[in-house]
Amino acid sequence: MRAVDIIQNKRDGQPLSAEEIHFFIENYTKGDLPDYQAAALLMAIYWRGMDRQETVTLTQAMAHSGKMMDLSGVIDYAVDKHSSGGVGDKTTLVVLPLVASMGVPVAKMSGRGLGFSGGTLDKLESIAGYNVNLTDEQFLDLAGKNGIVLSGQTGELAPADGKIYALRDVTATVPSKPLIASSIMSKKLASGANGMVLDVKWGNGAFMNTLEDARELAEIMVKIGADDGRDVIALLSDMNQPLGQAVGNAIEVVEAIDTLNGDGPADFRAHCLEVARYMVQLAGQGEKWTDANAVHQQLEAHLDNGQAMDKFRLMVAAQGGDLKMIDDPSLLPSAKIREDILATESGYAEQVIALEVAYAANALGAGREKKGDPVDHAVGVMVYVNVGDQISAGDRLFTIHANSEAQLAEAKAYLSQAVKVASSPVEPLPLFYGVIDSRTL
Ligand code: URA
């Protein structure tokens, strides 16, 4: 088999065979195919697309390019979650302990952010001592012993994706749905989940800018899971405005702690309850937890009575994190400068543009431009307005947490564009727009 023939087939719109896909993935991962041929194939896939069979085969080949995590020795039914990424998305920090508090074990590998604000690992590293680099043995041990573990994914998990993603990034081939879906799902399949809830966001602060695109991507991912024998539920959720109030790293951890203590912004709490409910119901496999309302009520109780927080403390302590910071969040990293941004006009918030808030957080140093860049854990933006809110001139819209005057000025410029005010009432945005379930496809 020759790589050039595979490229030619895809260029001419032919579906690739399983042999061709495996040949390409295996040889590219080993370093036996040059980047220029891989890049040509990616561009051909970008233009020609892939059918269901090709996409599933590509995903499986990428998943099997490295180690396949086996959780079956420690967890009967492993349930995972994935978010397609958003502004202020600290959902994992709340949902994992919340689900674990229901007696459903959760063992999750998360990634670092490449973009506006940090990823889950960056947020967790705001907590002094928290170890995101567990060995497989430690990971499995904590999953079995505590029913909760949250760590980083190693390069051994779907290494083909690591190589291909880096190449896509520099060849303008990231925005291809089969490539995005196979990239995300290869890591999920390799991490050993039996079932997963995918939080697929759409909006100006998300990867997918329209609901139609998000739905299409979600359907591809659900089908990949179904064809590989996994249970997958995709929730289509909003990312036109930030989720919750905090956008940054340590300030997002503070908001997660507040939420686990029964407080926190209403939209974020509701979002977490919904994701957690689907995870619990998936793990219940239709037997124990058939009643969605009953599960929801019990999850609410666990946020309010400290049971979810107990699981969070257990996880942080087991991974070496400083519990004093959890019990007194003022000990988490904090920025030197805080400045409020006030409304200059009265009316109704018509838009709170997640992308502008994201640019502001990035300008402050909360995110990273390229892999390996450091993030500033202390900085970020607190957002106090939601679409639909009535506002008066002089109301506080944002608080900027900055570590330099120059970064503060840059963030202010972005935030000055972030809120659009209308003179008549505006409907609030929904949190969710639909559900796609592999079991009813
Ligand atoms: N996240 C991933 O892991 N891969 C993509 O291609 C896009 C988002």
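Predicted model, so just to flag it, every value in this text is computed and none were measured. Order of appearance sets the numbers: ligands from 1, and atoms from 1 within every ligand. Just so you know, residue 1 is the first one in the sequence shown, and it goes up from there.
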Can you find a heavy atom in the side chain of Lys223 that is under 4.5 Å from one in the side chain of Thr55? no

For the residue pair His64 and Met68, establish whether any side-chain heavy-atom pair is separated by less than 4.5 Å. yes

Is the closest side-chain donor-acceptor distance between Ser186 and Asp161 under 3.5 Å? no

Does ligand 1 have any atom that is closer than 4.0 Å to a heavy atom of Ile184? yes

For atom 4 (N) of ligand 1, what's the nearest protein heavy atom and its distance? Ser183 OG, 2.6 Å

For ligand 1, which atoms, with element, lie under 4.0 Å from some heavy atom of Phe207? 7 (C), 8 (C)

Closer than 4.0 Å to some heavy atom of Tyr165 - which atoms of ligand 1 meet that? 4 (N), 5 (C), 6 (O), 7 (C)

Validate the cation-pi geometry between Lys163 and Tyr28: distance from NZ or CZ to the six-membered ring centre under 6.0 Å, angle to the ring axis within 45°. yes

Closest to atom 3 (O) of ligand 1 among Lys187, Met185, Lys188 (heavy-atom distance): Lys187

Apply side chain to side chain donor-acceptor pair (under 3.5 Å) to residues His302 and Ser101 and explain how you reach the verdict. CA-CA 7 Å; His302 285 197; Ser101 75; 2.8 Å; yes

